[in-house]
Amino acid sequence: MIGFVGWRLLQAVPLLIGVSLIGFGLMHLAPGGPLAVYTLNPTIQVQDIERIKVIFGLDQPIHVQYVKWATGMVSGHWGYTFFGGRPVLEVILERLPATLLLMGSALSVAIILGLSIGVLGAVKRYSVFDVLATTGALFALSFPTFWFGLMAIFVFAIELRWLPSGGMWELGEEGSILSLIRHLVLPTMVLALVITATWSRYSRSAFLEVMQQDFMRTARAKGEPPAARLLRHALPNAAKPLIALLGVELPFLFSGALVTETIFGWPGMGRLFVDALNMKEYPVLMGLMMFTGIFVVVGNLLADIAIAAIDPRVRLR
Amino acid sequence: MSAAARVPDEAGTGAPLLSVRDLALHIPVPPHVLRAVDGISFDLRRGETLGLVGESGSGKTLTALMLMRLLEPPLDALPRGQVVLDGIDLMTLDEARMSALRGRTVSMVFQEPMTSLNPIMTVGRQIAEPLVRHLGLSPRQAAARAEAMLRLVHIPDPQRVAGAYPHLLSGGMRQRAMIAIALACRPAVLVADEPTTALDVTVQAQILELLGELQREMGSAILLITHDLAVIAETAHRVAVMYAGRIVEEAPVASLFAAPRHPYTRGLLASIPRIERVPAATLPEIPGMVPGPGDRPAGCAFMARCMRAISGCAAEAPPLAELGPGHRVACWNPADG
Ligand SMILES: Nc1ncnc2c1ncn2[C@@H]1O[C@H](COP(=O)(O)OP(=O)(O)O)[C@@H](O)[C@H]1O
Ligand SMILES: [Mg+2]
């Protein structure tokens with residue numbers, strides 16, 4: 001088990017190096033290079049730029065820069081922001097709880113809803129419910145998240161005035177759980193929508209496949225009633241592909257969170273990414289890319305461990 | 001196992017435990033109707049083994065699934081006829097009450113040992129499940145009984161196997177485990193649908209022996225389904241031969257093997273000594289194939305392949321007629337006894 005985790009983390013190293021190389025390359029290819037934010041500022045003189053280059057080490061050959069940056073990443077020194085000069089890691093970690101809260105609540109809603117819809121659709125295949133669920137999922141999957149976000153704000157915040165349109169708390173109510181929940185509802189709904197649709201589709205087909213297996217007939221022949229067959233036999237067997245799906249879906253969840261946070265002004269990592277992009281805060285962008293890479297690697301690792309825990313035929317190697 | 005050893009004196013006597021009357025399953029396959037099971041009747045008495053034999057596609061599995069009420073939609077609405085088990089008509093029972101009988105009073109062993117066990121549940125728990133459900137045993141008692149069942153079906157190291165997952169067991173061991181599940185609650189009737197077909201020849205014999213042994217111990221009646229008359233010869237007290245959804249001959253084992261009356265049965269018997277196992281659906285001695293849903297003749301379904309066919313065979317399907325003690329044949333021109 002420990003050996004497996006170590007081995008998988010080792011396998012992730014090339015992936016993370018790839019991510020960092022792409023990020024590093026993009027930064028240097030961008031118009032104006034890493035210092036675009038300064039070169040486009042008319043009040044800064046050419047000499048100043050040269051001085052800044054030396055300070056940041058940007059005068060050195062590019063591979064030297066990369067190695068310096070990469071060793072810094074590994075040892076936890078993720079550099080400093082251009083504006084304010086704060087440690088990048090600190091800036092990112094500051095935004096982590098908000099993102100985890102949004103992703104966590106959206107994922108919980110999506111899994112519970114998606115699984116229920118999928119199982120019901122599988123049990124009552126081709127029923128009115130099943131057809132509606134299929135159509136609904138197709139609808140949800142064919143519109144972009146930002147459209148749903150804007151519609152949600154329009155309907156629930158502007159027209160009905162039921163919920164706030166953005167932010168995390170009311171002014172002066174920082175720390176109030178009730179205010180937080182009110183602000184969480186719309187972004188959770190919007191982010192959960194697409195995942196729910198995906199999950200309902202996948203869980204429907206996973207259940208359909210499991211339910212036609214021979215061992216399900218055995219369970220029936222043993223006199224197990226429907227609920228026991230569903231919960232004790234079908235669900236654990238269907239869970240395996242769904243957990244694998246969860247690992248695969250993580251990057252999409254992340255990018256969905258990015259869009260959702262931007263629409264709702266949710267102060268998480270997605271919002272940080274967009275702000276950093278606008279301000280050409282390359283150190284922050286690089287840090288976010290690496291963080292996302294690590295997040296996805298760890299997520300997939302957890303999914304694999306969970307699958308091995310469920311299925312005795314899967315060996316952790 | 002000699003015939004005398006396997007027939008207890010009282011077996012085959014007394015009121016039938018399971019009584020099947022005019023059981024039919026007509027499946028609409030537009031533009032035809034497939035008469036997969038076409039009105040079969042038989043009795044199964046306490047402690048008795050009735051062999052149900054026939055080529056692949058003759059309707060054996062569907063018959064078994066109808067007895068167990070295990071057909072899935074859309075087939076589940078189609079069965080016609082009566083299945084009376086110990087005075088209870090199973091065909092009209094609601095699903096909850098049928099569920100209470102399954103695994104307790106009537107159990108089933110399937111043809112596919114490799115896929116019939118839940119891959120992610122330990123063998124012990126799978127045996128314990130019906131014990132908890134039907135007999136109300138505590139999980140601990142059930143686990144102990146499950147282990148005892150594994151010992152009973154001659155699985156070596158039952159304690160270890162109880163905690164193991166199915167993929168670690170061979171096909172023969174899995175079928176033993178399936179038998180342990182099916183017999184855990186000591187059911188009155190066991191339906192075994194080709195329990196040895198998927199197994200090696202040597203393992204086949206062991207499983208059949210095990211079934212006979214458990215039957216003597218528990219007194220369950222067994223409906224043993226097979227396409228292999230050799231299996232019947234070794235295990236059953238009585239035989240019903242099925243052809244195209246109908247029973248064409250029914251007799252005590254000795255009588256059937258000594259003096260088969262139906263041309264189809266004779267063909268089946270002729271094919272036994274030459275090859276160890278009769279491969280499904282290939283019977284070199286009987287030319288032709290089982291009729292499909294479209295070209296079902298009005299008369300005897302076997303006529304096209306029959307060497308004894310006479311002019312009357314095309315007009316009407318022959319009914320089962322008693323030609324000897326307990327020996328019934330559905331043929332317009334049966335062979336001499
Ligand atoms: N679910 C089904 N739908 C339609 N036809 C079926 C179905 N299952 C079996 N059949 C047909 O019914 C006939 C009898 O099948 P089966 O009982 O499985 O035969 P056996 O077990 O004797 O080999 C075959 O012709 C088969 O093709
Ligand atoms: Mg069959």
Side-chain angles (χ1 to χ4, degrees), chain A residues 119-131 203-204 206-245 303-317, chain B residues 61 64-65 67-74 76 95-123 125-135 163-168 174 177-178 181-182 184-185 187 190-191 193 198:
Chain A
V119 171
L120 242 127
V123 173
K124 303 211 176 300
R125 187 149 57 136
Y126 307 134
S127 64
V128 174
F129 172 84
D130 188 30
V131 172
S203 51
R204 179 182 183 271
F207 264 84
L208 278 180
E209 181 164 343
V210 169
M211 285 190 318
Q212 59 164 17
Q213 304 267 320
D214 287 343
F215 63 80
M216 290 304 295
R217 192 184 51 189
T218 304
R220 212 174 152 215
K222 285 157 78 172
E224 291 298 303
R229 298 202 302 268
L230 199 66
L231 294 177
R232 205 144 10 125
H233 293 274
L235 191 62
N237 275 285
K240 214 177 73 169
L242 292 178
I243 290 172
L245 171 73
D304 282 351
I305 292 173
I307 287 171
I310 291 178
D311 191 339
R313 290 166 300 182
V314 176
R315 281 294 178 76
L316 296 180
R317 247 177 305 216
Chain B
T61 296
L65 293 176
L67 298 185
M68 295 291 297
R69 287 267 310 273
L70 282 178
L71 287 175
E72 300 283 347
D76 61 338
E95 176 61 23
R97 289 178 58 201
M98 188 64 220
S99 211
L101 291 183
R102 287 192 202 111
R104 175 178 204 165
T105 311
V106 51
S107 284
M108 184 160 175
V109 174
F110 298 95
Q111 185 175 345
E112 307 86 4
M114 302 312 278
T115 51
S116 291
L117 292 166
N118 186 336
I120 62 176
M121 193 187 272
T122 62
V123 172
R125 274 196 61 201
Q126 296 190 53
I127 303 172
E129 224 177 7
L131 292 167
V132 174
R133 162 108 22 228
H134 297 304
L135 305 186
Y165 291 92
H167 72 283
L168 296 172
R174 287 189 213 189
M178 275 300 297
I181 292 173
C185 299
L190 174 69
V191 178
D193 185 10

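Order of the sequence lines sets the chain letters (A, B, ...), proteins ahead of strands, with each chain counted from 1.
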Revision key, fill the gap. Highest number of heavy-atom pairs under 4.5 Å with chain B among A/Gln213, A/Arg313, A/Lys240 belongs to A/Arg313
Study note, to complete from the structure: Listed by number, the residues in residues 126-133 of chain B that come under 4.5 Å of chain A (heavy atom to heavy atom) are B/Gln126, B/Glu129, B/Pro130, B/Arg133
**Study point:** Derivation and outcome, side chain to side chain contact (heavy atoms under 4.5 Å, CB included), residues B/Ile120 and A/Asn237
**Key:** CA-CA 7 Å; B/Ile120 62 176; A/Asn237 275 285; 3.7 Å; yes
Review point. If every non-hydrogen atom of A/Phe215 is compared with every non-hydrogen atom of B/Asn118, which pair is closest and at what distance?
Key: CB-N, 3.5 Å
Practice item. Give a yes or no on whether B/Arg125 atom CZ has more than 12 heavy-atom contacts from other residues, nucleotides or ligands under 6.0 Å away. Key: no
Practice item. Using the test side chain to side chain contact (heavy atoms under 4.5 Å, CB included), find all partners of B/Leu168 that sit at least two apart in sequence or belong to another chain. Key: B/Ala164
Check your understanding: Out of B/Met68, B/Met98, B/His134, which one racks up the most heavy-atom pairs below 4.5 Å with chain A?
Key -> B/His134
Check your understanding: Given B/Glu72, which of A/Arg220, A/Met211, A/Gln212 fulfils the side chain to side chain contact (heavy atoms under 4.5 Å, CB included) condition?
Key -> A/Arg220
**Study point:** chain A contact via B/Leu70 - side chain, backbone, both or neither, heavy atoms under 4.5 Å
**Key:** both
Check your understanding: Under 3.5 Å, is there a donor-acceptor pair between the side chain of B/Thr115 and the main chain of A/Asp214?
Key -> no
Review point. Which one, B/Ala96, B/Pro73, B/Ser99, leads in non-hydrogen pairs under 4.5 Å with chain A?
Key: B/Ser99
Review point. Considering residues at least two apart in sequence or located in another chain, which fulfil the side chain to side chain contact (heavy atoms under 4.5 Å, CB included) criterion with A/Ala234?
Key: A/Phe207, A/Val210, A/Met216, A/Leu230
Practice item. Could you have a look at B/Pro187, B/Gly103, B/Ala100, B/Pro119 and say which one has the most heavy-atom pairs with chain A under 4.5 angstrom? Key: B/Pro119
Check your understanding: Restricting to pairs with a member in residues 102-117 of chain B, which pass salt bridge (Lys or Arg N to Asp or Glu O under 4.0 Å), not counting sequence neighbours?
Key -> A/Arg217-B/Glu112, B/Glu95-B/Arg102
